[in-house]
Amino acid sequence: MLSKKKIIDFYISVSKIRKSEEKLIELNPEQEMRCPHHYAIGQEVVAAGVCVNLNDKDQIFSSHRCHGHYIAKGGCLKSFMAELYNKVTGCTEGKGGSMHLIDTKKGMMGSHGVVGTNIPIALGASFYLKYKKKKNLSVVFFGDGGADQGVLYESLNFAALKKLPILFVCENNGFASFSHISSRHAQKDISLRVSNFGLKSFKLDGNNPVLFLNKIEKIISYIKKNNKPVFVEAKVNRFMAHCGQGEDIGPGLRSKNDLNKMRNSDPLVSLQKYLITKKLLNKENIKLIDEKIDFEIQAAVSYAKKSKLPGKKDLFKNVLA
Amino acid sequence: MLSKKKIIDFYISVSKIRKSEEKLIELNPEQEMRCPHHYAIGQEVVAAGVCVNLNDKDQIFSSHRCHGHYIAKGGCLKSFMAELYNKVTGCTEGKGGSMHLIDTKKGMMGSHGVVGTNIPIALGASFYLKYKKKKNLSVVFFGDGGADQGVLYESLNFAALKKLPILFVCENNGFASFSHISSRHAQKDISLRVSNFGLKSFKLDGNNPVLFLNKIEKIISYIKKNNKPVFVEAKVNRFMAHCGQGEDIGPGLRSKNDLNKMRNSDPLVSLQKYLITKKLLNKENIKLIDEKIDFEIQAAVSYAKKSKLPGKKDLFKNVLA
Amino acid sequence: MRKLSYLDAIREGIQQSMQKDDSVFVYGEGIEIASGPFGVPLNLEKEFGSKRIFDVPLSEASMTGLGIGAAINNLRPIMIHFRLDFTLLTLDQVFNAASKIHYMFGGKLKCPIVIRATVGQGWGQGPNHSQAFHSIYSHFPGMKVVLPSSPYDAKGLMIASVFDNNPVLFLEHKSLYNSVGLVPKKFYKVKIGNANVLETGNDLSLLGFSSMLPLMKKVSRELKKKKINCDVIDLRSSYPLDKITILNSVKKTGKLVVFDIDWSFCGVSAEVSAFVSEKIGSKLKSNIIRITPPHVSHPVSYALEKYFYPNENDVLKKIYKIL
Amino acid sequence: MRKLSYLDAIREGIQQSMQKDDSVFVYGEGIEIASGPFGVPLNLEKEFGSKRIFDVPLSEASMTGLGIGAAINNLRPIMIHFRLDFTLLTLDQVFNAASKIHYMFGGKLKCPIVIRATVGQGWGQGPNHSQAFHSIYSHFPGMKVVLPSSPYDAKGLMIASVFDNNPVLFLEHKSLYNSVGLVPKKFYKVKIGNANVLETGNDLSLLGFSSMLPLMKKVSRELKKKKINCDVIDLRSSYPLDKITILNSVKKTGKLVVFDIDWSFCGVSAEVSAFVSEKIGSKLKSNIIRITPPHVSHPVSYALEKYFYPNENDVLKKIYKIL
Ligand SMILES: Cc1ncc(C[n+]2csc(CCOP(=O)(O)OP(=O)(O)O)c2C)c(N)n1
Ligand SMILES: Cc1ncc(C[n+]2csc(CCOP(=O)(O)OP(=O)(O)O)c2C)c(N)n1
Ligand SMILES: [Mg+2]
Ligand SMILES: [Mg+2]
């Protein structure tokens with residue numbers, strides 16, 4: 001059973017991701033954050049639902065669309081904003097940018113811009129956790145595009161073979177940049193596709209926040225208890241363009257109408273409704289939470305803006321360890 | 001229903017593979033064939049059963065263990081022997097050796113020494129066949145080790161997505177060089193593993209020659225009729241070592257006893273028995289067939305021995321087309 | 001003659017190749033869709049249909065094999081990558097198969113595949129969205145590697161690549177996409193392996209590739225003010241190198257600066273430098289200079305990119321030392 | 001001091017590393033089994049258990065990721081490939097991740113993985129079982145690349161590689177496996193980046209790697225008969241290069257021959273040549289010579305291998321021309 005605290009933490013996480021992204025969109029016209037942005041708006045439930053069940057020693061790995069995962073895992077918001085502003089105080093000191101976020105103290109072990117590349121690296125992290133007899137798990141987030149890569153299948157097999165504590169999370173938003181899943185997958189049910197690799201696989205609805213949270217809590221405790229891998233496909237809707245400020249409306253992509261439908265079933269809104277209906281929070285509580293988040297985000301932006309840019313010496317730092 | 005002619009051609013093919021390999025083993029002490037040999041002895045049924053259902057315009061692709069596939073597809077025996085003898089009259093003029101056999105006239109489109117690499121190349125051939133509206137198919141042979149490679153899963157998906165005429169044949173002998181399948185696969189049933197990729201998949205017994213022939217005939221005509229890919233896992237026994245003259249007996253490998261059991265259920269012998277029992281051939285017929293094969297092999301060996309070695313100029317031939 | 005952008009010239013090269021020969025086909029991730037990255041849209045589906053231009057899964061390794069298997073059957077695939085970086089997923093297919101197929105099968109097969117890829121730069125593309133490593137493609141026997149710097153070359157080299165019988169890496173540079181130049185309407189090839197002498201001078205040879213050309217021209221202009229006249233030569237392909245043009249230029253000037261967008265360590269710039277000094281070292285009037293990014297990964301921050309990519313002032317400083 | 005074979009020395013280096021630190025583990029295809037290829041058996045399972053030494057599927061790409069994910073968590077993986085050729089399947093993991101991880105995450109992670117691989121040669125190994133392409137590993141920033149030529153170095157460089165905090169390619173050569181030499185019993189490191197001066201002479205510098213050393217020594221012996229004395233220097237690592245030792249030698253002799261098992265075009269041999277001529281070109285008394293296989297794939301036939309691999313006579317002929 002979900003605790004009240006967990007549901008509220010979950011809401012805070014969803015809201016923080018949404019509001020951070022909206023802030024990025026708002027600030028975009030300044031053209032000061034010079035790196036590609038892949039927004040997670042619409043998909044926040046998955047990052048938040050998974051990470052609210054993890055502790056700092058659990059490790060997560062992510063892809064180009066990583067803002068949400070970083071924030072959900074508790075990654076420092078100041079370092080995040082500073083990184084997006086290309087500053088030396090950013091989480092990679094201006095080296096990695098928006099697609100290579102990291103906060104090792106929080107168990108956010110890095111995101112990668114090459115699709116699928118992080119999947120076996122997360123596998124290695126789960127290998128480490130088992131090797132050192134830690135009671136933790138490793139999680140890798142990737143998209144339906146990530147499921148096109150052969151390393152996924154290699155990694156599923158190995159995770160099952162060695163009984164590693166890893167959760168594979170495929171956020172299926174139906175697109176890989178400009179390719180619809182139907183032009184890439186013979187068989188669109190990804191959880192079914194992998195169902196005979198020797199590990200459990202589930203299909204969850206990332207648009208139904210509480211149901212998702214409920215199920216993912218059980219899955220994560222199954223992994224921790226049994227030291228076994230699990231695969232989860234989460235169906236989600238991406239509200240923004242693949243990259244940047246647009247909406248990716250057009251032939252071969254999606255219609256304005258479809259997008260409106262998505263926005264009308266916004267999981268953030270339905271989560272708020274649920275909280276209120278179930279009397280877990282009232283409107284006032286929600287407002288307070290959101291204001292606190294706004295405040296934190298604003299502080300991070302100020303920090304980022306005030307921070308210094310890296311200098312020539314920094315270019316030659318950390319080439320070899 | 002299998003025609004008498006097909007069964008006899010099938011026998012000829014199995015026997016020719018066996019006898020060619022045995023000749024290589026016999027000649028090995030000369031140390032004149034200087035390249036690694038991966039014998040198919042014990043596994044011949046798969047190559048023969050598939051290829052007896054193909055014509056010269058159907059294309060096959062193979063791996064390091066390719067002698068059988070080359071011979072079954074009708075590859076020139078002289079060019080084969082000459083290649084193994086490192087001669088300029090060999091099928092690759094001494095460039096590729098035992099792991100890179102080719103006879104394009106017969107639709108043997110090349111074998112590759114890197115495990116799995118040929119799988120998507122065969123996919124490309126099937127793409128070509130469909131593109132040019134040919135009534136043919138492409139076949140790729142690989143081992144259970146080949147099934148470890150991510151490109152297989154990428155290729156299965158694409159073949160199913162584009163409805164390509166391709167037969168994936170996984171010859172599962174339970175080993176990848178010195179690794180038993182149980183130390184590599186979480187889930188040992190390979191045909192099951194791939195069953196949800198959007199194409200049909202079958203598990204066949206490569207040790208039961210006539211049953212295999214029966215089923216593979218139907219599968220190949222299904223592919224030709226429907227322009228759709230199929231995956232076949234064929235369980236087989238490898239009698240020889242992974243590479244060379246030995247038997248690979250030892251801890252972690254297999255026991256003498258196990259090997260004897262394999263040899264005692266030799267598919268070549270059971271095929272001969274079947275032919276005789278069903279009165280398709282009598283002992284005398286078989287003897288005549290086998291003598292003809294011996295003769296052909298001997299001629300190929302003589303040709304190879306008499307052929308010239310490549311010279312310095314040949315080293316620089318065919319670098320660019 | 002009309003003017004076309006670099007990007008439109010590539011598109012036209014592809015289009016005319018497809019018109020010329022129906023065994024030419026094109027595929028890549030998201031290329032069917034009108035709004036592709038950097039406006040790379042091809043808009044060729046209407047003309048040629050989804051049989052000849054199509055979208056593929058993010059399965060770079062097997063999709064390279066797809067092209068190889070088609071190419072050995074005399075089709076002429078053009079595989080499109082939005083970043084050269086992603087081709088690192090495909091190098092088994094490229095170097096264990098494509099580049100060797102003609103040789104290792106004794107000439108029985110040819111593999112005329114074009115691997116078209118973009119080098120990114122700017123706007124925080126960073127460590128694995130900006131790499132140029134055509135050196136490693138040039139290192140393996142059996143490959144050709146072309147790097148157009150102008151719209152004219154972009155079209156002509158694309159057509160030459162498509163109709164070449166070897167695997168060709170066709171490497172574009174994002175910063176050149178909007179540059180505009182004269183491009184004939186007709187179907188034409190630019191021969192692979194011929195350098196292009198853009199300016200002539202007796203004092204210094206500036207040789208280089210791709211997006212280095214604008215920098216080289218700026219440097220030449222600056223030097224001209226000081227009465228120093230340069231050969232400015234676009235090498236156009238890193239394999240094969242146009243050895244004759246290179247030697248002729250350096251024999252004349254005695255001083256060589258090699259520009260590349262790839263790193264220098266074991267890079268094409270090292271090869272050009274080694275080749276020249278091994279051939280005519282005693283005729284050199286000063287040490288060769290290589291102008292390339294330093295031996296570090298591509299940083300995201302624009303503040304660091306400033307130091308990472310060679311700039312005019314630094315180049316001039318280095319050149320003044322050898323004058 | 002005892003004598004050990006090159007192969008046993010590597011084994012002992014691995015064994016002592018595992019004894020020293022239980023975060024060292026080893027994995028590769030078929031390595032658990034006593035009768036591995038070329039007798040590479042490690043026989044370490046009894047001592048360390050299958051947790052620390054284990055067999056893996058033929059999934060080179062993801063198995064490289066496995067090591068990376070472990071390494072960023074401070075384990076010290078040794079991944080074994082029986083052929084360098086097969087690492088072409090892994091280069092996305094190696095160059096888009098391992099070599100960049102320290103840099104692109106601003107120093108937050110280290111990636112101490114050892115990639116151990118063999119270069120094949122002879123007995124028809126052919127085009128994709130014999131390649132040496134450490135140049136491309138040396139090309140990408142963030143990697144180290146070592147190539148031991150003696151049993152002593154094999155052990156010491158293995159230990160140094162395991163305890164280095166960067167990804168290291170440890171490249172062995174099949175033809176050296178049975179060579180025997182003095183190897184201390186103790187745990188010791190050979191510093192990565194230090195060349196080894198094996199012979200000294202004032203007339204000619206012979207620099208090279210790995211299995212080129214036996215050839216270089218033969219050449220030196222032959223030249224000594226003609227009163228020509230050589231520096232014979234084992235460069236030991238292709239990244240970092242020991243620039244000081246290289247320059248000191250060539251400054252002294254004025255004549256350089258670079259030997260490598262990799263191709264020369266954009267190879268490490270090109271880098272050494274370019275580096276030397278750019279630094280002290282004017283002090284050179286003759287053109288630099290690169291001794292490498294020609295720009296073709298590795299043929300299978302022994303009749304062709306004879307011309308493919310550099311041999312003493314051809315090398316001497318080339319050297320006589322510059323004396
Ligand atoms: C190997 C690789 N191929 C292509 C790209 C270019 N690219 C960046 S994101 C993306 C789409 C990824 O789709 P998906 O995995 O579903 O994630 P989503 O963007 O939908 O969250 C593509 C094709 C890349 N980064 N890496
Ligand atoms: C990518 C790659 N990894 C490793 C090897 C070394 N190797 C050659 S054959 C082989 C075993 C292959 O097993 P399988 O695919 O089952 O074929 P089999 O030998 O059993 O017929 C291995 C590991 C290789 N050639 N290619
Ligand atoms: Mg997606
Ligand atoms: Mg097998």
Side-chain angles (χ1 to χ4, degrees), chain B residues 33-37 64 83-88 90 92-100 112-117 143-151 175-181 183-186 241-243 246 248-253 308-319, chain D residues 27-38 40-41 43 45-46 50 54-63 65 81-90 92-93 120 122-131 293-309 314:
Chain B
M33 289 179 283
R34 302 191 194 155
C35 48
H37 288 183
H64 58 290
E83 187 62 34
L84 296 202
Y85 274 91
N86 302 83
K87 299 299 179 71
V88 72
T92 77
E93 305 181 2
K95 300 287 175 57
S98 55
M99 295 192 285
H100 298 101
H112 272 264
V114 183
V115 173
T117 298
D144 48 307
D148 299 1
Q149 293 288 2
V151 283
F175 283 97
S177 59
F178 308 101
S179 297
H180 192 264
I181 189 163
S183 65
R184 296 181 291 112
H185 289 211
H242 163 62
C243 184
D248 279 359
I249 287 170
L253 291 163
K308 285 215 181 85
L309 287 166
K312 183 161 186 180
K313 240 178 39 200
D314 296 306
L315 183 65
F316 298 97
K317 199 175 144 192
N318 292 321
V319 180
Chain D
Y27 64 104
E29 290 155 13
I31 61 159
E32 266 182 351
I33 305 302
S35 55
F38 342 124
V40 185
N43 283 321
E45 206 202 331
K46 263 194 210 127
S50 62
F54 53 90
D55 200 357
V56 295
L58 278 67
S59 306
E60 281 85 353
S62 64
M63 290 302 97
H81 293 277
F82 285 132
R83 306 283 175 188
L84 183 64
D85 314 68
F86 309 153
T87 68
L88 287 172
L89 285 155
T90 72
D92 169 58
Q93 290 293 324
W123 206 261
Q125 317 253 344
N128 44 38
H129 278 61
S130 317
Q131 294 169 89
H295 197 67
V296 306
S297 282
H298 298 64
V300 155
S301 177
Y302 55 91
L304 293 170
E305 277 194 323
K306 200 164 66 183
Y307 306 111
F308 181 82
Y309 290 105
D314 289 350

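Chain letters run A, B, ... following the sequence lines, proteins first and then strands; every chain starts at 1. Nothing here was measured: the structure is a model prediction, and the numbers come from that model.
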Part of [X] lying under 4.5 Å from any heavy atom of chain D:
X	result
B/H185	neither
B/H242	neither
B/M33	backbone

Are any non-hydrogen side-chain atoms of [X] and [Y] less than 4.5 angstrom apart?
X	Y	answer
D/E29	B/R184	no
D/E60	B/Q149	yes
B/P36	D/Q125	no

(request) Can you tell which part of D/N128 gets under 4.5 Å to a heavy atom of chain B, answering side chain, backbone, both or neither? (result)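 Answer is both: backbone and side chain atoms of D/N128 are under 4.5 Å from chain B.
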Return the minimal non-hydrogen interatomic distance between [X] and [Y], and the atom names on each side.
X	Y	answer
D/L304	B/G94	CD1-O, 3.9 Å
D/D55	B/F178	OD2-O, 4.3 Å
B/S179	D/G30	OG-N, 3.1 Å
D/H129	B/G113	CE1-O, 3.1 Å
D/V300	B/G96	CG2-O, 3.1 Å
B/G145	D/L58	O-CB, 3.7 Å

(request) Please test B/V114 against D/R83 for side chain to side chain contact (heavy atoms under 4.5 Å, CB included), starting from the C-alpha separation and ending with a verdict. (result) CA-CA 10 Å; B/V114 183; D/R83 306 283 175 188; over 6 Å; no
(request) For B/D148 and D/P57, indicate whether the former's side chain and the latter's backbone hold a donor-acceptor pair under 3.5 Å. (result)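 No, the answer is negative, given that no donor and acceptor are paired below the 3.5 Å cut-off.
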(request) May I have the step-by-step check of side chain to side chain contact (heavy atoms under 4.5 Å, CB included) for D/V296 and B/K317, ending in yes or no? (result) CA-CA 9 Å; D/V296 306; B/K317 199 175 144 192; over 6 Å; no
(request) Under the side chain to side chain contact (heavy atoms under 4.5 Å, CB included) rule, what do D/Y302 and B/L309 come out as? Steps first, then yes or no, please. (result) CA-CA 9 Å; D/Y302 55 91; B/L309 287 166; 3.6 Å; yes
